[in-house]
> 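Take a look at the following structure, please.
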Amino acid sequence: MIEPRIVRRYATALFRAANKAGIIDQVESDLGLVSYTIESSPRLAKVLRSPQIPRDVKQNILRAIFEGKVHEVTLSYLFLLVDKRREEAMTATEAVFVELANEARGIVVVDVTSAIELTRQEENRLREKLSARTGKRVELVVRIDPSVIGGLIVKIGDTLIDGSIRGQLIALREKMIG
């Protein structure tokens with residue numbers, strides 16, 4: 001398993017190259033195709049991760065699959081990962097790249113957990129409040145989890161706001177015990 005900091009370093013370098021070339025959207029789309037292709041083909045993933053397969057063979061395989069389907073910058077990035085023996089980063093790069101692209105676009109993805117499905121009006125109101133708080137455009141990823149009982153759990157990056165009844169009950173229990 002490749003370390004997240006290594007993936008971040010490579011993804012950041014790719015993002016800078018894509019930004020300089022004005023092709024952030026294209027590379028983002030390319031990385032989705034690359035990830036999907038590798039993850040949906042266990043044989044391909046095994047070949048790419050195998051230390052016994054020579055680098056030039058791996059690059060020829062990547063060229064045969066992706067040449068003409070992804071931008072040259074993306075293909076060069078894949079070749080670099082093979083050269084540096086960082087093939088595992090091929091699928092891990094997508095999430096980090098999307099995060100960097102969203103940050104550059106002024107978008108923040110917020111995970112929201114609710115006991116019940118939110119109405120469109122509630123989602124819009126929450127989006128507005130979070131947008132005012134973060135100063136960025138907010139994209140909500142809403143999950144339903146009846147165990148929160150009521151209220152919401154909101155995760156913005158590393159910040160967790162637990163406004164759930166379950167969270168309040170746990171805090172009350174700890175206060176009474178402690």
Side-chain angles (χ1 to χ4, degrees), residues 1-112 120 123-124 126-143 154-160:
M1 184 78 184
I2 192 164
E3 291 183 42
R5 67 180 177 80
I6 293 171
V7 175
R8 180 161 291 282
R9 190 173 6 173
Y10 279 96
T12 300
L14 176 60
F15 179 79
R16 287 184 183 141
N19 190 30
K20 185 175 182 181
I23 55 169
I24 292 173
D25 293 341
Q26 173 68 49
V27 172
E28 185 176 6
S29 176
D30 292 349
L31 290 173
L33 174 65
V34 169
S35 292
Y36 175 78
T37 303
I38 293 171
E39 289 170 355
S40 64
S41 175
R43 284 183 52 206
L44 175 61
K46 186 176 181 179
V47 167
L48 290 174
R49 292 187 177 120
S50 173
Q52 285 83 24
I53 307 291
R55 293 175 184 162
D56 62 324
V57 171
K58 291 179 184 182
Q59 290 177 343
N60 287 335
I61 291 169
L62 291 169
R63 184 177 286 111
I65 295 171
F66 295 114
E67 192 169 52
K69 295 181 180 121
V70 300
H71 196 278
E72 292 173 24
V73 169
T74 307
L75 196 57
S76 295
Y77 175 72
L78 298 176
F79 291 167
L80 172 72
L81 292 177
V82 170
D83 283 340
K84 299 293 184 180
R85 299 264 184 224
R86 300 291 190 190
E87 293 89 346
E88 284 184 75
M90 286 182 192
T91 54
T93 299
E94 180 187 12
V96 178
F97 190 92
V98 168
E99 181 183 312
L100 293 169
N102 281 341
E103 188 176 309
R105 295 177 186 126
I107 298 171
V108 64
V109 178
V110 177
D111 292 313
V112 177
R120 188 175 304 264
E123 281 187 21
N124 288 338
L126 180 61
R127 190 177 291 112
E128 287 172 14
K129 289 191 182 275
L130 292 171
S131 183
R133 180 176 177 160
T134 62
K136 296 183 179 187
R137 199 168 89 226
V138 172
E139 285 186 12
L140 297 178
V141 176
V142 180
R143 293 179 180 83
V154 178
K155 185 173 186 247
I156 307 169
D158 294 337
T159 304
L160 183 71

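Note: hydrogens, waters and symmetry copies are ignored here, and every other heavy atom, side chains too, is used.
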> For Leu80, enumerate each residue passing the side-chain contact (heavy atoms from CB on, under 4.5 Å) test, keeping only those at least two apart in sequence or located in another chain.
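Once residues adjacent in sequence are excluded, the partners of Leu80 under the side-chain contact (heavy atoms from CB on, under 4.5 Å) criterion are Tyr10, Lys84.
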
> Not counting sequence neighbours, which residues clear side-chain contact (heavy atoms from CB on, under 4.5 Å) with Pro54? List them please.
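With neighbours one apart ignored, the set is Asp56, Val57.
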
> Using every non-hydrogen atom in the two residues, find where Val82 and Gln59 come nearest and quote the distance to one decimal.
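What the structure gives for the nearest pair is CG1-CG, 3.9 Å.
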
> Among residues at least two apart in sequence or on other chains, which ones pass side chain to side chain donor-acceptor pair (under 3.5 Å) with Glu128?
none

> Could you tell me which residues satisfy side-chain contact (heavy atoms from CB on, under 4.5 Å) with Arg127, sequence neighbours excluded, listed by chain and number?
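So Arg127 forms a side-chain contact (heavy atoms from CB on, under 4.5 Å) with Glu123, Asn124, Val138, Leu140.
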
> Look up atom CG in Leu62 and atom CG in Leu81, then write down how far apart they are to the nearest 0.5 Å.
9.5 Å

> How long is the straight-line distance from CD of Glu88 back to CD1 of Ile38, given to the nearest 0.5 Å?
11.5 Å

> If you look only at distance, which donor and acceptor atoms sit under 3.5 Å apart when one is on a side chain in residues 92-105 and the other is two or more places apart or in another chain?
unit_1	atom_1	unit_2	atom_2	d
Thr93	OG1	Tyr77	OH	2.7
Thr93	OG1	Ala89	O	2.5
Glu94	OE1	Ser35	OG	3.2
Glu99	OE1	Arg8	NH2	3.4
Glu99	OE2	Arg8	NH2	2.6
Asn102	OD1	Arg105	NH1	3.3
Arg105	NH1	Glu28	OE1	3.2
Arg105	NH2	Asp25	OD1	2.6
Arg105	NH2	Glu28	OE1	2.6

> Would you name the heavy atoms of Leu160 and Lys155 that are closest together and state the gap between them?
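Result for this residue pair: CD1-CB, 4.1 Å.
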
> For the side chain of Ser41 and the backbone of Thr37, is there at least one donor-acceptor N/O pair under 3.5 Å apart?
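No.
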
> Looking only at atom types and distance, does a side-chain atom of Asp30 sit under 3.5 Å from a main-chain N or O of His71, one as donor and one as acceptor?
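Indeed, once roles are kept as given, a pair shorter than 3.5 Å links the two residues.
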
> Taking salt bridge (Lys or Arg N to Asp or Glu O under 4.0 Å) as the test, write out the residues that go with Arg143, two or more places apart.
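With sequence neighbours excluded, Arg143 shows a salt bridge (Lys or Arg N to Asp or Glu O under 4.0 Å) to Asp111, given in chain and number order.
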
> Could you grab the distance from atom OG of Ser29 to atom CD1 of Ile24, nearest 0.5 Å is fine?
13.5 Å

> With side-chain contact (heavy atoms from CB on, under 4.5 Å) as the criterion, how do Ile65 and Leu44 come out once you've worked through the C-alpha distance, each side chain's angles and the decisive distance to 0.1 Å?
CA-CA 10 Å; Ile65 295 171; Leu44 175 61; 3.8 Å; yes

> Working to the nearest 0.5 angstrom, can you tell me the gap between Leu130 CG and Ile156 CD1?
5.0 Å

> Around Arg16, counting heavy atoms of other residues, nucleotides and ligands shown, do more than 12 lie under 6.0 Å from its CZ?
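Incorrect, the count does not exceed 12.
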
> Quick one: list whatever passes side-chain contact (heavy atoms from CB on, under 4.5 Å) with Ser50, sequence neighbours left out.
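Listed in chain order: Gln52, Ile53.
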
> Give a yes or no on whether Arg120 atom CZ has more than 12 heavy-atom contacts from other residues, nucleotides or ligands under 6.0 Å away.
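Counting neighbours around CZ of Arg120, 12 or fewer heavy atoms of other residues, nucleotides or ligands fall under 6.0 Å, so no.
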
> With Lys136, which residues qualify under side chain to side chain donor-acceptor pair (under 3.5 Å), at least two apart?
none

> Could you tell me which residues satisfy salt bridge (Lys or Arg N to Asp or Glu O under 4.0 Å) with Arg5, sequence neighbours excluded, listed by chain and number?
Glu3

> Can you pull the ring-ring contact (aromatic ring centres under 6.0 Å, His included) pairs that have at least one residue in residues 40-70, sequence neighbours excluded?
none

> Give a yes or no on whether Arg55 atom CZ has more than 12 heavy-atom contacts from other residues, nucleotides or ligands under 6.0 Å away.
yes

> Would you please name every residue forming a side chain to side chain donor-acceptor pair (under 3.5 Å) with Glu72, sequence neighbours left out?
none

> Can any side-chain N or O of Glu87 pair as donor or acceptor with the backbone N or O of Arg49 at less than 3.5 Å?
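No.
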
> Contact between Ile107 and Arg137 at the side-chain level, heavy atoms closer than 4.5 Å - yes or no?
yes

> Under the side-chain contact (heavy atoms from CB on, under 4.5 Å) criterion, do Val73 and Leu14 qualify, and how do the steps go?
CA-CA 8 Å; Val73 169; Leu14 176 60; 3.9 Å; yes

> Supply the atom-to-atom distance Lys69 NZ to Leu33 CG, rounded to the nearest 0.5 angstrom.
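If I round to the nearest 0.5 Å, the distance is 8.0 Å.
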
> I'd like to check the side chain to side chain donor-acceptor pair (under 3.5 Å) partners of Glu39; sequence neighbours left out, ordered by chain and number.
none

